[in-house]
Amino acid sequence: MIEIKNLCKNYKEKTVYHKLNLDFEENQITSLMGPSGCGKTTLLRILAGLESYEEGQINGLEGKKMAYVFQEDRLLPWLSVRENIEYVLMSFEEPSTYKNRVDTLLEFLHLTKEQNQSIATLSGGMKRRVALGRALAYEGDILLLDEPFKGLDEALKDRIIQGILSFQKRTKATIICVTHDLEEAKLLGQVKRLS
């Protein structure tokens with residue numbers, strides 16, 4: 001269980017959270033919804049250790065490996081599609097151990113034909129899929145997804161959601177997904193709201 005207790009976060013004069021209490025079941029997918037500006041992305045950044053907070057505590061993250069799909073794609077433009085996905089694995093695995101995993105991800109994300117293309121040549125939806133591929137390749141204990149399906153057409157989005165459900169079942173990762181789309185949230189599983 002990831003437990004957020006009495007979390008307080010301010011940006012200058014604006015209070016984002018005042019004594020927020022929220023929990024996320026481990027080994028489950030939870031969709032986080034709420035109006036724009038209510039702090040969904042801020043909460044993911046706090047969970048990832050990228051954002052500080054004034055008070056409260058977060059339990060359940062100790063010793064956990066974390067992967068993150070940011071709202072912006074954060075890809076390496078000088079690398080190809082395949083190299084971007086492999087990059088997260090290079091520092092702790094031999095290429096022979098992850099080649100098949102990357103091949104499977106490229107196929108699942110419909111990027112096999114584009115695997116040697118540079119990032120600059122890709123559409124927004126393709127870049128989104130590469131960012132998702134990087135996070136899935138890492139196979140973290142916790143996967144944070146911030147609007148991961150934006151720019152995808154409905155058929156492709158549905159297929160990728162099914163792939164994420166299979167990934168979660170296989171890896172038992174705890175997945176927290178920020179979305180504005182109720183249908184996406186329902187397909188993924190449990191829904192929690194920030195307001």
Side-chain angles (χ1 to χ4, degrees), residues 24-34 36 40-41 43-45 47-48 64-77 79-89 98-193:
F24 299 99
E25 292 289 330
E26 283 195 88
N27 313 121
Q28 301 291 323
I29 302 176
T30 304
S31 292
L32 194 57
M33 299 191 72
S36 293
K40 301 180 299 295
T41 294
L43 185 59
L44 292 191
R45 290 179 57 79
L47 291 172
K64 298 283 175 39
K65 201 167 84 164
M66 197 171 296
Y68 197 152
V69 176
F70 294 87
Q71 264 188 23
E72 61 283 352
D73 300 314
R74 297 197 179 195
L75 302 174
L76 303 173
L79 298 179
S80 70
V81 168
R82 181 182 197 94
E83 290 166 338
N84 261 276
I85 294 173
E86 290 176 339
Y87 187 81
V88 298
L89 304 169
Y98 59 72
K99 182 188 180 307
N100 289 342
R101 187 180 347 155
V102 174
D103 287 341
T104 300
L105 278 168
L106 288 166
E107 184 177 340
F108 152 60
L109 295 165
H110 289 263
L111 290 169
T112 303
K113 290 180 189 169
E114 294 82 7
Q115 67 179 303
N116 296 314
Q117 284 184 224
S118 74
I119 296 303
T121 65
L122 302 181
S123 69
M126 287 177 174
K127 289 176 183 176
R128 203 76 194 127
R129 285 181 272 153
V130 177
L132 191 53
R134 285 169 53 118
L136 293 173
Y138 186 63
E139 294 194 350
D141 304 306
I142 299 171
L143 177 57
L144 304 175
L145 304 174
D146 199 348
E147 299 286 351
F149 312 117
K150 68 182 178 187
L152 305 184
D153 65 53
E154 287 303 314
L156 188 53
K157 179 168 64 172
D158 289 347
R159 178 177 169 159
I160 288 176
I161 286 173
Q162 291 309 311
I164 288 173
L165 292 170
S166 297
F167 168 85
Q168 193 283 326
K169 190 173 183 181
R170 178 176 60 81
T171 64
K172 305 294 186 229
T174 301
I175 300 177
I176 302 170
C177 179
V178 165
T179 179
H180 287 97
D181 187 313
L182 185 56
E183 291 309 309
E184 286 176 11
K186 286 178 179 175
L187 284 171
L188 286 167
Q190 183 180 20
V191 180
K192 298 211 173 204
R193 294 186 182 272

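Remark: Leu105 CG to Glu86 CD distance equals 11.0 Å, nearest 0.5 Å. Here OH of Tyr68 is found 8.5 Å from CG of Leu47. Values are rounded to the nearest 0.5 Å. Note that SG of Cys177 is 12.5 Å distant from CD of Gln168, once rounded to the nearest 0.5 Å. With values rounded to the nearest 0.5 angstrom, Gln28 atom CD is found 12.5 Å from Leu188 atom CG. One finds the CG atom of Leu143 at 6.0 Å from the CZ atom of Phe167 (value rounded to the nearest 0.5 Å). The structure places CG of Leu111 at 11.0 Å from OG of Ser80, a figure rounded to the nearest 0.5 Å.
Here the rule is salt bridge (Lys or Arg N to Asp or Glu O under 4.0 Å) with Glu139, and of Arg170, Lys65, Arg134, Lys172 only Arg170 fits it.
Taking the side chain as every heavy atom from C-beta outward, Ile176 and Leu43 never approach each other to under 4.5 Å. Counting heavy atoms from C-beta on, the side chains of Leu89 and Val102 come closer than 4.5 Å. The shortest side-chain heavy-atom distance between Leu75 and Tyr87 does not fall under the 4.5 Å cut-off. Within the 4.5 Å cutoff, side-chain heavy atoms of Leu145 are placed close to those of Ile175. The shortest side-chain heavy-atom distance between Ser36 and His180 falls under the 4.5 Å cut-off. Leu187 has its side chain within reach of Asp158: a pair of non-hydrogen atoms, C-beta onward, lies under 4.5 Å apart. A 4.5 Å side-chain heavy-atom check between His110 and Met126 finds every atom pair outside the cut-off. Two residues are said to be in side-chain contact when any heavy atoms from C-beta on lie closer than 4.5 Å; Asn116 and Glu83 fail this criterion.
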Carefully, step by step, assess Val81 and Leu106 under the rule side chain to side chain contact (heavy atoms under 4.5 Å, CB included).
-> CA-CA 9 Å; Val81 168; Leu106 288 166; 3.9 Å; yes
Go through the steps for Ile85 and Tyr138 under the test side chain to side chain contact (heavy atoms under 4.5 Å, CB included), then give the verdict.
-> CA-CA 9 Å; Ile85 294 173; Tyr138 186 63; over 6 Å; no
Take Glu184 and Thr179 through the test side-chain hydrogen bond (donor to acceptor under 3.5 Å, both in side chains) and record every step on the way to the result.
-> CA-CA 7 Å; Glu184 286 176 11; Thr179 179; 2.6 Å; yes
Trace of the side-chain hydrogen bond (donor to acceptor under 3.5 Å, both in side chains) decision for Thr41 with Asp146 | CA-CA 7 Å; Thr41 294; Asp146 199 348; 2.7 Å; yes
Determine, stepwise, if the pair Glu26 / Lys64 fulfils salt bridge (charged side-chain N to carboxylate O under 4.0 Å, His left out).
-> CA-CA 11 Å; Glu26 283 195 88; Lys64 298 283 175 39; 2.8 Å; yes
Using the salt bridge (charged side-chain N to carboxylate O under 4.0 Å, His left out) rule, take Lys99 and Asp103 through it: C-alpha gap first, then chi angles, then the decisive distance, then the call.
-> CA-CA 6 Å; Lys99 182 188 180 307; Asp103 287 341; 2.9 Å; yes
Stepwise, does the side chain to side chain contact (heavy atoms under 4.5 Å, CB included) test hold for Ile160 with Phe108?
-> CA-CA 7 Å; Ile160 288 176; Phe108 152 60; 4.0 Å; yes
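Side chain of Thr174 to backbone of Asn27: a donor-acceptor contact under 3.5 angstrom is found. Side-chain atoms of Arg129 come within 3.5 Å of backbone N or O of Leu109 as a donor-acceptor pair. A donor-acceptor pair is defined here as one N or O able to donate and one able to accept, closer than 3.5 Å; such a pair exists between the side chain of Gln115 and the backbone of Thr112. A distance-only check finds no donor-acceptor pair linking the side chain of Lys186 to the backbone of Val191 [under 3.5 Å]. Under a 3.5 Å cut-off, the side chain of Asn84 and the backbone N or O of Leu76 do form a donor-acceptor pair.
Atom CD of Glu107 has 12 or fewer neighbouring heavy atoms from other residues, nucleotides or ligands inside a 6.0 Å radius. Residue Lys169 places its NZ atom among 12 or fewer non-hydrogen atoms of other residues, nucleotides or ligands, all under 6.0 Å distant.
Contact detail for Leu32 and Lys40: the closest heavy-atom pair is O-CD, 3.9 Å. Taking both residues in full, the closest heavy atoms of Met66 and Leu144 are given as SD-CD1, 3.6 Å, listed atom of the first, atom of the second, then distance. Closest heavy-atom contact between Ala67 and Ala135: CB-O, 3.6 Å. Closest of all the heavy-atom pairs between Ala131 and Val69 is O-CG2, 3.8 Å. Here the closest heavy-atom approach between residue Gly140 and residue Ala173 is recorded as O-CB, 3.7 Å. Residues Asp73 and Gly124 approach most closely at OD2-O, 4.5 Å, considering heavy atoms.
Between Lys127 and Glu72 there is no salt bridge, since no side-chain nitrogen of the basic residue lies less than 4.0 Å from a carboxylate oxygen of the acidic one. A salt bridge links Lys157 to Glu154: at least one charged side-chain nitrogen sits closer than 4.0 Å to a carboxylate oxygen.
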